[in-house]
Amino acid sequence: MTAIPLDQGLGLAAALFALGLAGVLVRRNLLFMLMSLEVMLNAAGVAFVVAGARWAAADGQIMFILVLTFAASEVSVGLALILLMHRRNSTLDADANYHLRG
Amino acid sequence: MNAMFDIAAGIAVLATVMMITRPSAVHALLYLTVSLLAVAMVFFVLGAPFAAALEVIIYAGAIMVLFVFVVMMLNIGGEAEALETGWLKPSAWIGPSFLALLLGLELGALAVSGGLARTAAAVVGPQAVGIALTGPYMLAVEIASFLLLAAVVAAFHLGRAVMRGV
């Protein structure tokens with residue numbers, strides 16, 4: 001069975017990361033920015049798993065598990081912050097929420 | 001298995017493009033879920049079945065449920081019903097369903113043609129990952145547990161502030 005070439009997998013990771021970055025930069029809704037951040041973290045995980053599969057090692061998947069842990073904790077705190085911001089000034093616009101205090 | 005990889009990667013990129021261009025949050029969530037499922041398919045083809053299972057369970061399962069709950073909590077209001085009728089139009093769900101159907105066909109083709117043993121040059125199964133995780137990477141697991149504890153404390157604290165109505 002032929003293995004997947006390394007550059008194809010890394011190309012997929014780079015494309016997903018670029019799309020996530022574009023989402024963070026283009027969208028001004030905090031919920032969409034958080035979702036795009038998830039896409040970027042996922043792309044980093046793809047790069048780890050692709051590299052691990054290239055050398056048939058378990059290390060790539062372990063780094064993916066750590067990225068997954070980080071993504072889960074980040075999204076729980078981020079969503080709680082979004083709820084709090086929505087409760088305070090009833091908008092999710094990132095440009096309207098630049099007053100962090102007062 | 002190059003064709004399998006190409007199809008899944010194409011679906012992932014396409015679904016992500018649709019995700020960042022949707023105006024409605026729920027539509028974007030549908031496409032993001034499809035994108036994560038496609039990435040799980042990529043992991044499966046690459047010979048990482050444990051990572052594929054974790055991707056489906058944690059990313060497409062738990063994290064997406066969190067997002068759905070927050071979208072539900074933010075949409076309390078009078079205009080929610082009008083939005084609801086708009087969300088149930090076929091144009092909202094036909095795209096994600098079609099992409100997910102492609103992924104399902106791909107998985108079915110893999111299962112018929114002989115399964116996991118033939119998908120990749122070398123399969124790194126859950127056993128190898130578990131042995132490495134509890135051996136040389138023990139410290140990383142401890143650090144991850146610290147991170148999760150900090151996230152739990154922060155989410156609890158912020159959630160209490162939401163409950164108080166600050």
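Within every chain, numbering begins at 1; the chains are lettered A, B, ... in the order of the sequence lines, protein sequences first and strands thereafter. Note that the structure is predicted; figures quoted are calculated from it, not measured. Keep in mind that the numbers below use all heavy atoms, side chains included, and drop hydrogens, waters and symmetry copies.
Contacts of Pro126(B) with chain A are absent, with no heavy-atom separation under 4.5 Å from either backbone or side chain. The parts of Leu54(B) that come within reach of chain A are both its backbone and its side chain, each placing non-hydrogen atoms under 4.5 angstrom from that chain. If you measure heavy-atom distances from Leu83(A) to chain B, the contacts under 4.5 Å come from both the backbone and the side chain. Heavy-atom distances place both the backbone and the side chain of Asp59(A) under 4.5 Å from chain B. For Leu19(A), the parts sitting under 4.5 Å from any heavy atom of chain B are the backbone and the side chain alike. Both the backbone and the side chain of Leu66(B) come within less than 4.5 Å of a heavy atom of chain A. In this structure, the portions of Val17(B) lying under 4.5 Å from any heavy atom of chain A include both its backbone and its side chain. When heavy atoms are compared at a cutoff of 4.5 Å, Tyr137(B) approaches chain A solely by way of its side chain, counted from C-beta outward. In this structure, the portion of Val39(A) lying under 4.5 Å from any heavy atom of chain B is its side chain and not its backbone. With a 4.5 angstrom heavy-atom cutoff, Val50(A) touches chain B via backbone and side-chain atoms both. Heavy atoms of Val13(B) lying under 4.5 Å from chain A belong to its backbone as well as its side chain. Of the atoms belonging to Thr21(B), it is backbone heavy atoms, and not side-chain ones, that fall under 4.5 Å from chain A. For Ala56(A), the parts sitting under 4.5 Å from any heavy atom of chain B are the backbone and the side chain alike. Ala57(A) touches chain B through its backbone: at least one of N, CA, C or O sits under 4.5 Å from a heavy atom, while the side chain does not. Interface residue Leu29(B): backbone and side-chain heavy atoms are both found under 4.5 Å from chain A. With a 4.5 angstrom heavy-atom cutoff, Gln8(A) touches chain B via backbone and side-chain atoms both.
Ranked by non-hydrogen atom pairs under 4.5 Å with chain B, the options Ile62(A), Leu12(A), Asn29(A) are led by Ile62(A). Interface remark: of the candidates Leu34(A), Val26(A), Val24(A), Leu34(A) forms the most heavy-atom pairs closer than 4.5 Å to chain B. Chain A forms the most heavy-atom pairs under 4.5 Å with one residue out of Gly10(B), Ala155(B), Ala28(B), and that residue is Ala28(B).
Following chains of ILVMFWY side-chain contacts shorter than 4.5 Å, one cannot reach Leu148(B) starting from Val75(A), and the two form parts of different hydrophobic clusters. Cluster annotation: Met4(B) and Leu6(A) are assigned to the same hydrophobic cluster (Ile/Leu/Val/Met/Phe/Trp/Tyr, side-chain heavy-atom contacts under 4.5 Å, transitive). Clustering ILVMFWY residues whenever any of their side-chain heavy atoms sit less than 4.5 angstrom apart, transitively, puts Met138(B) in a cluster other than the one holding Phe50(B). Cluster annotation: Val129(B) and Val141(B) are assigned to the same hydrophobic cluster (Ile/Leu/Val/Met/Phe/Trp/Tyr, side-chain heavy-atom contacts under 4.5 Å, transitive). Taking hydrophobic clusters as Ile, Leu, Val, Met, Phe, Trp and Tyr residues chained together by side-chain heavy-atom distances below 4.5 Å, Val77(A) shares a cluster with Val65(B).
Interatomic distance, CG of Leu149(B) versus OG of Ser73(A), reported as 11.0 Å (0.5 Å rounding). Rounding to the nearest 0.5 Å places CD of Glu38(A) at 11.0 Å from OG of Ser35(B). From Arg22(B), atom CZ reaches atom CZ of Arg27(A) across 9.0 Å, with rounding to the nearest 0.5 Å. Distance CG/Leu68(A) to OH/Tyr59(B): 6.0 Å, rounded to 0.5 Å. How far CG of Leu79(A) is from CE of Met73(B): 10.5 Å, rounded to the nearest 0.5 Å. Taking CG of Leu84(A) as the start and NE2 of His157(B) as the end, the distance is 8.5 Å to the nearest 0.5 Å.
For the pair Gln61(A) (side chain) and Ala48(B) (backbone), a donor-acceptor distance under 3.5 Å is absent.
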- Message: Between Arg54(A) and Leu46(B), is the side chain to side chain contact (heavy atoms under 4.5 Å, CB included) condition met? List the steps.
- Response: CA-CA 9 Å; Arg54(A) 164 67 179 77; Leu46(B) 279 173; over 6 Å; no
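In this structure, Leu147(B) and Phe70(A) have side chains that are in contact, with non-hydrogen atoms separated by less than 4.5 Å.
Looking at every heavy atom in both residues, Leu31(A) comes nearest to Ala25(B) through CD2-CB, 4.0 Å. Shortest non-hydrogen contact noted between Met19(B) and Phe32(A) is O-CE2, 4.1 Å. Shown here for Ala12(B) and Leu16(A), the closest heavy-atom pair between the two residues is O-CD2, 4.1 Å. Taking both residues in full, the closest heavy atoms of Leu66(A) and Ala144(B) are given as CD2-CB, 4.0 Å, listed atom of the first, atom of the second, then distance.
Ring geometry, Phe64(A) versus Phe43(B): the interplanar angle exceeds 60°, so the pair is classed perpendicular (tilted spans 30 to 60°).
Checking Leu32(B), Ile20(B), Thr16(B) one by one against Ser36(A), the side-chain contact (heavy atoms from CB on, under 4.5 Å) holds for a single residue, Ile20(B).
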